[in-house]
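Right, one structure below, let's go through it.
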Amino acid sequence: MRADIVTIFPDFFRGPLDYGITRRAQEMGLATIEIHDLREFTHDRHRTVDDRPFGGGEGMVLKPEPLFECLDSLGIAPREDRIAGRVRQSVVLLSAQGQRFTQAFAAELAQRERMVLICGRYEGVDERVTDFLADRELSVGDYVLSGGELPAAVIIEAVVRLLPGAVGNDASTQQESFTVDVKTRIAEGADSTCGSNGLLDYPHYTRPAQFRGMAVPEALMTGNHEEIRRWRRQRALEKTLRNRPDLLEGSPLSDEESKFLDGLKKMD
Ligand code: SAM
């Protein structure tokens with residue numbers, strides 16, 4: 001995959017993309033990440049990228065011309081081809097007003113050959129970029145940041161780790177929080193005793209088995225795969241009910257799990 005990030009702060013990305021899986025994926029040639037300085041696409045002495053809003057109001061707005069010019073230079077396919085799925089490319093505008101970025105979006109973007117991420121600043125971006133240049137607006141959460149750079153780094157990391165070969169064991173990214181559709185893979189013999197299948201991940205423990213009086217749960221020490229699977233699934237259900245009950249609605253549960261969940265709800 002090739003990812004292009006458009007920003008007025010290109011140096012911002014020096015750190016976040018140079019560590020861990022994102023760095024390794026680049027070294028392995030699985031991902032190429034290019035950073036583009038929006039000011040390179042201006043034509044005035046001051047390299048102006050923003051202007052006052054029509055209609056008045058607070059702050060400044062990123063102008064459309066440098067953004068359209070930058071995208072022209074990248075040789076990205078026309079918006080209608082991207083939207084119709086005729087090409088595996090996506091242009092994402094980072095925006096607090098966007099659809100909420102989820103693991104499902106990450107999985108979808110990981111299928112793309114190219115992805116462009118446009119980072120807004122100031123009061124935002126001229127709406128013609130939303131309507132005629134980007135094919136989607138994504139938000140990383142219901143809060144307002146000062147720019148799209150951190151959200152872009154979040155999206156890159158979430159997407160890159162899903163590229164086949166990016167993490168040591170591909171099965172591990174299919175069994176994490178929020179990931180659906182792992183049931184069949186587990187039945188086919190993926191080397192784990194539990195997938196999240198839309199729930200939050202189950203709790204993890206490592207050595208030492210005893211630490212300052214805190215013991216690792218016994219079920220995990222039995223070596224009994226079925227018992228471990230059931231224990232993990234129940235803990236995942238408990239945690240999901242406690243922290244993210246909204247996720248339970250879309251999550252396929254067995255009869256035994258539904259009964260367990262009903263029991264938990266009654267205890268609440
Ligand atoms: N006036 C905008 C609003 O109220 O929705 C906020 C603009 S914000 C100060 C500047 C830029 O930060 C946005 O254009 C966007 O690129 C980025 N940004 C801020 N919050 C974000 C979020 N939750 N998700 C993605 N991008 C965000």
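This structure is a prediction, so every number in the text was calculated from the model and none was measured. Here, residue 1 is the first one in the sequence, and each next residue gets the next number.
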*Between Arg2 and Glu113, does at least one N-O distance fall below 4.0 Å, as a salt bridge requires?*
no
*Can you name the residues that form a side chain to side chain contact (heavy atoms under 4.5 Å, CB included) with Pro217, not counting sequence neighbours?*
Tyr205, Leu220, Trp231
*With sequence neighbours excluded, residues passing side chain to side chain contact (heavy atoms under 4.5 Å, CB included) with Leu162*: Gln103, Ala106, Ala107, Ala110, Thr173
*Partner set under salt bridge (Lys or Arg N to Asp or Glu O under 4.0 Å) for Arg24, not counting sequence neighbours*: none
*For the pair Arg121 and Asp50, find out whether any cationic side-chain nitrogen is under 4.0 Å from an anionic carboxylate oxygen.*
no
*Considering residues at least two apart in sequence or located in another chain, which fulfil the side chain to side chain contact (heavy atoms under 4.5 Å, CB included) criterion with Glu65?*
Lys63
*asked:* With salt bridge (Lys or Arg N to Asp or Glu O under 4.0 Å) as the rule and sequence neighbours excluded, what pairs involving residues 95-106 come up?
replied: Arg100-Asp142
*asked:* Once ring-ring contact (aromatic ring centres under 6.0 Å, His included) is applied, do any residues pair with His204, and if so which ones, sequence neighbours excluded?
replied: Tyr202
_Ion pair check, Arg230 and Glu226, cut-off under 4.0 Å_ = yes
_Backbone N/O of Glu176 and side chain of Ser196: donor-acceptor pair under 3.5 Å_ = yes
*Under-4.0 Å salt bridge between Arg82 and Asp135*: yes
*Between Leu94 and Phe101, is any pair of side-chain heavy atoms under 4.5 Å apart?*
no
